[in-house]
Amino acid sequence: MSVVESLNSDAKYELHRNVANFQPSLWGNYFLQYASECMEVDENIKAQIEALKCDMRKMLISESEKPLEKVHLIDSICRLGVSYYFEDEIEEILQNIYKNNVEDGEITFNDNLCSLSVLFRLLRQQGHHVSPNVFNKFKNEKGEFSEGLIKDVKGMLSLYEATQLMVHGEDILEKALAFTTTHLESIAIQSSHSLAMQIKYSLRQTLHKNLPRLEALRFISIYEQDPSNNKTLLVLAKLDFNMLQNLHQKEIGNICKWWNNLDVPNKLPYARDRMAESYLWAMGIYFEPQYSTARIIMTKIFVIFTVVDDTYDAYGTIDELELFTKTIERWDICGLDNLPDYMKFLYRILFDLNKEIEEEAIKKGIVYALNYYKNECIRHIQAYMAEARWLNNNYQPTLEEYNRLSTISSGYCLVINTCYIGMGDIATEDIFKWLSNKPKVIDAAIVLCRLMDDIVSNEFEQKRDHVSSFLECYMRQYNVSREGAVQEGQKRIADAWKDMNKESLMPTDVPRPFLTRILNLSRFMDVVYKDKDNFTHSEGEMKTFIKALLLDPMKI
Ligand SMILES: CC(C)=CCC/C(C)=C/COP(=O)(O)OP(=O)(O)O
């Protein structure tokens, strides 16, 4: 019996299935047109980029530029999305500034609010401990931020962006955040110039929490309008944007071909088909050319586990799910006979993905990573199963029970594990050991992911039978309103950002590229789950992001 026939026969026997009515994919096989065997970049473009990089490098290391001018240049390089070409130079320049112009954590430059805020943000971004006391000089005798600052809109905006790097206990940054938010909100309403547009954007999407590709896309158009821009840098950013877009198009094209051949949307029509959205998630983790294979594997993780999630959350019956879970625990392709056809099909897809990950780990010489991947995968599925049992038994978990399980079922432990495999042999066994001990930075990212998802998905999920989320558990346990629970969730999300910021300061537990992946995963949550679940309901902003990053080339 085919999978579709077996689905129809289920209907005849009226098995209780919990269907979620997800919208079909917006993209179908649109991306198939980009599928390509050749992943090489056009030689001519490569040469142009190389020449521009060379000029920029000379500018960066030249002695003539004043330190704060270099700080602004570095800021533009980062925001235009090309800092990955100049990592060593940027690190050295900021290191020198830190050595020469920071004493006991205090920045000794005496400059305007805008420059100091940019410098503070860049130093923190690079992991340097700098004190926010540098902003004390902008306070009045009452210890409040001086009203005179309101006229300095650029400075206010820069300070606002700098506050996003705050860690726990930084009262001055909390105050700066409240002060700048209030005033920027009113400036944005009153004013109509281009700065007002930037303010509106930043109030909704801060720089620190934005996905690097989206920031590059936006900042290129702002930088282009800036009369004092650096033309070499602007052209480099535009050419690089198109070069990356071209590579990303080929990757999503090849993934689309694989997905089409599997024919999942027809065979498992109950599940979300979010191939393009999954690619954006993977591209959010790493966009650089060297992560091409890693992006493809991560897209497959997201798109397949979305189907697995919908199988556990909605379609599968409890008996089928118990069988499926046991099959996963055996980690073997044998013994599928007991599974219904639709699950055999799903299991085979998952099995093939595991094989692909295994081959990649062997190729990269990091076979030790596989055991961690397997354990995480099984733990993740077992958490889905436990939630399905709760739902089946109408069990209402306590907040502690919910937190324990839902942080595993969020999938972020599995996602982080797999994305490290894609980083190759810099991912030593110690990195996986560190990860399996759930360090604070991982914990923070997982809590953030769980809560952001729960806050925005809650209403849609509760339309069908769905296990309690953080909101229900918190409301029950503390007898508070939904609003009160949302507020508590938001406070925990803000705390999680502070933890992540703190854990990213030197000395870090692991090299920075591993922290960048976690930061990017959290950024994806901020961009996509801020006020609705744009991954599931992908017709709005998500469609705009995909179109802007993967369809529309940049005009040079
Ligand atoms: C492994 C991962 C992260 C896969 C990504 C796909 C996915 C399950 C997204 C969240 O869906 P959801 O909002 O329905 O999730 P949940 O059921 O956990 O609330």
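All heavy atoms count here, side chains included; hydrogens, waters and symmetry mates do not. This one's a predicted model, so the numbers in the text were calculated from it and none came from an experiment. First listed ligand is number 1; within each ligand, the first listed atom is number 1.
Under the 3.5 Å distance criterion, with hydrogens and angles disregarded, a donor-acceptor pair is assigned to the side chains of Asp526 and Gln205.
Salt bridge present: Asp309 and Arg272 bring a charged side-chain N and a carboxylate O closer than 4.0 Å. Taking a cutoff of 4.0 Å between a charged side-chain nitrogen and a carboxylate oxygen, Lys344 and Asp341 qualify as a salt bridge. Between Glu541 and Arg204 a salt bridge is recorded (basic side-chain N to carboxylate O distance below 4.0 Å).
Polar contact check, Ser410 against ligand 1: no nitrogen or oxygen pair lies under 3.5 Å apart. In terms of N/O distances under 3.5 Å, ligand 1 is not approached by Thr306. In terms of N/O distances under 3.5 Å, ligand 1 is not approached by Trp281. For ligand 1, the polar-atom distance check against Tyr529 finds no nitrogen or oxygen pair separated by under 3.5 Å. Ligand 1 has an N or O atom lying under 3.5 Å from an N or O atom of Arg272, backbone or side chain.
Across the listed options Met452, Arg274, Arg450, Arg450 owns the non-hydrogen atom lying nearest to atom 19 (O) of ligand 1.
Figure legend: Arg492 and Tyr474 shown without cation-pi pairing, the cationic atom not lying both under 6.0 angstrom from the six-membered ring centre and within 45 degrees of its axis. Seen from the ring of Tyr201, Arg218 counts as a face-on cation partner, given the 6.0 Å and 45° thresholds.
Ligand 1 places these atoms under 4.0 Å from at least one heavy atom of Phe305: 1 (C), 4 (C). Of all atoms in ligand 1, numbered sequentially from 1 with element shown, those under 4.0 Å from a heavy atom of Asp313 are 17 (O). For ligand 1, the atoms lying closer than 4.0 Å to a non-hydrogen atom of Phe302 are 4 (C), 5 (C), 6 (C).
For an aromatic pair to be called close, the ring centres must be under 6.0 Å apart, and Phe535 with Phe302 fails this.
Within the structure, the closest approach of Leu414 to ligand 1 does not fall below 4.0 Å when heavy atoms are considered.
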